[in-house]
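Right, one structure below, let's go through it.
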Number of protein chains: 2
Amino acid sequence: MNPDPDYSAAYVVIGTDAGDGLEGHGFAFTIGRGNDVQVAAIRALEPFVLGASVDAIGDVWHRLVHDSQLRWLGPEKGVMHMAISAVVNALWDLAAKRAGKPLWQLLAEMEPEALVDLVDFRYITDALTRDEALAILRRAQSGREERTARLLADGYPAYTTTPGWLGYSDAKLTRLCQEALTAGYEQIKLKVGADLEDDVRRLRIARAVCGPDIRIAVDANQRWDVGDAIAWMRALGPYDPYWIEEPTSPDDILGHAAIRRAVHPIRVATGEHVQNRVVFKQLMQAQAIDVVQIDAARVAGVNENLAILLLAAKFGLPVCPHAGGVGLCELVQHLAMFDYVAVSGSLEGRVIEYVDHLHEHFVDPVVVERARYLAPTAPGFSAQMTTEAIAAHRYPGGTVWTQPQPSHA
Amino acid sequence: MNPDPDYSAAYVVIGTDAGDGLEGHGFAFTIGRGNDVQVAAIRALEPFVLGASVDAIGDVWHRLVHDSQLRWLGPEKGVMHMAISAVVNALWDLAAKRAGKPLWQLLAEMEPEALVDLVDFRYITDALTRDEALAILRRAQSGREERTARLLADGYPAYTTTPGWLGYSDAKLTRLCQEALTAGYEQIKLKVGADLEDDVRRLRIARAVCGPDIRIAVDANQRWDVGDAIAWMRALGPYDPYWIEEPTSPDDILGHAAIRRAVHPIRVATGEHVQNRVVFKQLMQAQAIDVVQIDAARVAGVNENLAILLLAAKFGLPVCPHAGGVGLCELVQHLAMFDYVAVSGSLEGRVIEYVDHLHEHFVDPVVVERARYLAPTAPGFSAQMTTEAIAAHRYPGGTVWTQPQPSHA
């Protein structure tokens, strides 16, 4: 579905008059065309941020999401919502820098009442009330210090998509699976959906290399209609796929539910394109998914992801974030770690996607060792690109645009 | 929910090298802020349209909707989808002008095979296959001439929202209800959701003026959570509201289903903010709505609305289009009339919203007489604004922007 991505980002920097030199960085990740539309959308949000206090992110969030004119363009979805994500995440990056803490820790140390104040319960009260959210957070207060210590010592489990891209030879697939095992991964993921015969062969090879105990997830990137998804996954069933990710349209709640009923015990996962908390709510209400794949930069930033983490906790579902792209690993690790310390309190069935590229552009890049994300300790949301990377990629003056580049073909 | 709309449009004009002087006009309606984002989104689509043939709208549609990079910004929702709507509708305006027919007639005279070729069945085949769509259209071929003649003679039923805006005095509400009756309307609509006591009083007054046989719909513009909607509508129940429109988030399929079960026999209507055919499909599958409110300029233009009309026919639900705004009445009348002649074949329970403003800006404005839309006969999609209106409203040079305007306050 994404044959020719040209990884891009509409990048936001927010400064203040505090005189402390701190900036908040955030971005909307895109895969090329349309990045200028994201820039226009972020520019449309400037008036809502100018003059606001970094201590009132909840208020800014509400003004951005519920502006009576801008919401006509959604509501709460697509380009405008991704723009809000970039701005809100930049504000959180700044808030965490000011607090001198990594974002996961800043959030994990907040009181339950302060956290629920960040959540907009509009349209989700039939599934999760403020009181229920408070109860979830209060229950998780017990053991926070212990989990924080364990997280700092051991990190958070990762899985790798490295072996799984389409178009690799069987020999390369075999080698990459072996390397993943050697690196300590207990889960890998294969892209599927282009050709059934190929997929059967690839999954058979991967299972043979990995043995029965390694989880092999598969990812269809929305290729299928409901019937196709069911037929395809039944054909892959003998090789014990752990989850099927994005089997169909991310908007199709009932479709995911039908697929899940039909392919049991294969798990169903989705979320990287799920537009907001209202759709996540229904995916849970309809028992349509087993795995909640939050994305850091699609819903309206940290605040809305907090609502989704709380919904997942209410429904007892594991959150296994989507990552990759530009900086998505950097951001989403904070949300998963906060979830572990202060919301779900569990690592059971939880794992963050890890894609090993483009981290060199970030000031505080992710560190994955022995198949685990190490907990970031630098203040902020790990969202800031290096001065050199920003200068080189800035459109239209950056050297990436003005100088001939090596071909990727 | 929309307290201060500033009616706007990102306006598209498409010319060709045919030398016939014909242009296709289309637009994304907005309510102010964000209109520039819509313009940026439409600009991003230019490369897909340049050099394309007006005879291949289906191909252009597919390239626009399924572009692998642009779809990341949706997929198929929000700003990008509304931009596609503007472009696709402009192409249809041009195609109808070239054919010398109003769009409703151009579509109604097409063969079923040609119509289904315009539809993208991706993600809806679990509810409607191509063969089922063909069968629906073939069944409707019988009686097309008779219905066309009846439509040209009698027009298509309209309802009015004029009496129903919030903030009117009881005396004004009474007078406007009486005027609607005098004008021949058999349905009116009242906005609700700001204050329950007010709503009860307003609906009681409207019912007293209108008597038991006039349908009084109410419209909450997404104000409520599920529980609020149910409680509020139970309180309004004694005054026999005909439908409750947009009781909650347009994304909340399961929420609409829960509301519908609870407020029966009051009908549930939604659609003006429903993002695409995938969500409409589910609203029907879940038995969440009684009334399908298509909008001409939110989903991806005529082609996607054709898919939605076919889904509605499959599920036996009436389509009662949303209109108002800038030019939405002008556009959507064509879709409803085409539906009557060539898809559903029925006027039973069907009615187009009519809002009596801004029609003076259009070359071929709607004509509503005795509470019925008269069928347009001029070639095109009725989408073209007058040269004067375009010149006056064009940003930033138009007189509306450069000269002091009278206050609307």
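No hydrogens, no waters, no symmetry mates; every other heavy atom, side chains included, goes into these values. In what follows, chains carry the letters A, B, and so on, assigned in the order in which the sequence lines appear, proteins first and then strands, with residues in each chain numbered from 1.
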field: Proximal component of Asn276(A), with respect to chain B [non-hydrogen, under 4.5 Å]
entry: side chain
message: Need one label for Ala286(A): side chain, backbone, both or neither, based on atoms under 4.5 Å from any heavy atom in chain B.
response: both
- line: Those residues of residues 62-69 of chain B that come under 4.5 Å of chain A on a heavy-atom basis, listed by number, are Asp67(B), Ser68(B), Gln69(B)
task: Give me the ring orientation class for His322(B) and Trp72(A): parallel if the planes are under 30° apart, tilted from 30 to 60°, perpendicular past 60°.
output: tilted
field: Heavy-atom proximity to chain B below 4.5 Å, by part of Phe29(A)
entry: both
message: Minimum heavy-atom separation for Gln222(B) and Pro75(A), please, with both atom names.
response: OE1-CG, 3.6 Å
Heavy-atom proximity to chain B below 4.5 Å, by part of Ala44(A): side chain
task: Select all residues of residues 126-134 of chain A having any heavy atom within less than 4.5 Å of some heavy atom of chain B, and report them by number, or 'none'.
output: Asp126(A)
field: Contact summary for Thr248(B) and Tyr123(A), nearest pair of heavy atoms
entry: OG1-CD2, 3.3 Å
- request: Apply the side chain to side chain contact (heavy atoms under 4.5 Å, CB included) test between Val279(B) and each candidate in Asp251(A), Ile253(A), Val279(A); give the one that qualifies.
  value: Asp251(A)
statement: Separation between CG (Leu73(A)) and NE2 (His273(B)), nearest 0.5 Å, reads 8.5 Å
query: If you tally heavy-atom pairs under 4.5 Å against chain A, which of Asp252(B), Thr125(B), Val226(B), Val37(B) wins?
result: Asp252(B)
Top contributor to chain B contacts, counting heavy-atom pairs under 4.5 Å, from Asp6(A), Asp228(A), Asp4(A), Leu45(A): Asp4(A)
statement: When the 4.5 angstrom heavy-atom criterion is applied to Ala41(B) and chain A, the contacting part is both
- prompt: Under the 3.5 angstrom rule, does the side chain of Arg33(A) hit a backbone N or O of Arg71(B) as a donor-acceptor pair?
  reply: no
query: With a 4.5 angstrom heavy-atom cut-off, which part of Pro47(A) approaches chain B: side chain, backbone, both or neither?
result: neither
query: Would a 4.5 Å heavy-atom cut-off, applied to side chains only, mark Leu254(B) and Lys281(A) as touching?
result: no
task: Name the region of Arg43(A), side chain, backbone, both or neither, that has any atom closer than 4.5 Å to a heavy atom of chain B.
output: neither
task: Using non-hydrogen atoms and a 4.5 Å limit, figure out which bit of Tyr7(B) sits close to chain A: side chain, backbone, both or neither.
output: neither
- prompt: Looking at Val278(A) and Ser249(B), what are the two nearest heavy atoms and their distance?
  reply: CG1-OG, 3.8 Å
- request: Using a cut-off of under 4.5 Å on heavy-atom pairs, state which of Glu76(B), Gln38(B), Arg298(B) scores highest against chain A.
  value: Arg298(B)
- line: The interface call for Ile124(A) against chain B, heavy-atom contacts under 4.5 Å, is backbone
Atom CD of Glu46(B) with >12 non-hydrogen neighbours under 6.0 angstrom: yes
- prompt: Gln275(A) versus chain B, heavy atoms under 4.5 Å apart: side chain, backbone, both or neither?
  reply: side chain
